[in-house]
> 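Let me give you the structure first, and then I'll get to my questions.
This is a predicted model, so every value here is computed, not measured. Scope of the values below: all heavy atoms of this structure, side chains included, with no hydrogens, waters or symmetry mates.
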Amino acid sequence: MEDVWRVLRPGGKVVILFSNRLFLEKAVGLWTGADDVDHAYTVGAYLRFCQGNFINIKAKDLSTRTKKGKEMVIVGDPVYVVTATRGNAV
């Protein structure tokens with residue numbers, strides 16, 4: 001994340017997209033033992049606590065949904081995004 005901060009100008013945006021689809025053999029335990037909200041929190045925590053001084057960290061569910069009875073269910077793979085803005089100082 002420090003290199004992302006290095007190449008962004010102050011006020012530049014970082015956008016990280018991810019899904020919950022994975023190969024269990026290749027994923028770290030922190031990711032496999034968590035749900036989608038935890039995944040967004042983990043990505044946001046990396047941005048918050050790295051030395052990059054990222055601000056305005058936000059997460060959003062971009063999954064396509066359709067109504068099934070009274071519920072909205074995800075169609076296809078779920079997709080999430082975490083965004084942040086590069087601050088001025090380290």
> Hey, could you give me the OG1/CZ distance between Thr42 and Phe18, rounded to the nearest 0.5 Å?
8.5 Å
> Under 4.5 Å between side-chain heavy atoms, counting indirect links through other Ile/Leu/Val/Met/Phe/Trp/Tyr residues: same cluster for Val4 and Ile57 or not?
yes
> Side chains of Thr66 and Val73, heavy atoms from C-beta outward: is any pair under 4.5 Å?
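Side-chain contact under 4.5 Å: yes.
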> Could you state whether Val43 and Val14 fall into the same hydrophobic cluster, counting links through intermediate Ile, Leu, Val, Met, Phe, Trp or Tyr residues with side-chain heavy atoms under 4.5 angstrom apart?
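Yes; Val14 is reachable from Val43 via cluster members.
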> Just verifying a value: how many Å separate Leu17 CG and Tyr80 OH, rounded to the nearest 0.5 Å?
12.5 Å
> What distance separates Leu47 CG from Thr83 OG1, expressed to the nearest 0.5 Å?
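The OG1 atom of Thr83 is 9.0 Å from CG of Leu47, to the nearest 0.5 Å.
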> Checking Arg86 side chain against Leu8 main chain: does a donor-acceptor pair fall under 3.5 Å?
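Yes, because the side chain of Arg86 sits within donor-acceptor range (under 3.5 Å) of the backbone of Leu8.
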> Check whether any side-chain heavy atom of Val82 sits under 4.5 Å from a side-chain heavy atom of Tyr46, and report yes or no.
no
> Between Asn88 and Trp5, what is the shortest heavy-atom contact and its length?
O-CZ2, 4.2 Å
> Taking all atoms of both residues into account, what is the closest heavy-atom pair of Val79 and Ser63, and its distance?
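In terms of heavy atoms, the two residues are closest at N-OG, 3.0 Å.
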> Rounded to the nearest 0.5 Å, what separates atom OG in Ser19 from atom NE2 in His39?
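Rounded to the nearest 0.5 Å, the OG-NE2 separation comes to 10.0 Å.
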> Hydrophobic cluster membership, with links at side-chain heavy-atom distances under 4.5 Å among I/L/V/M/F/W/Y: are Val15 and Leu62 in one?
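Both belong to a single hydrophobic cluster.
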> Mind checking the OG1-NZ spacing from Thr85 to Lys58? Nearest 0.5 Å is all I need.
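Here the rounded value is 7.5 Å.
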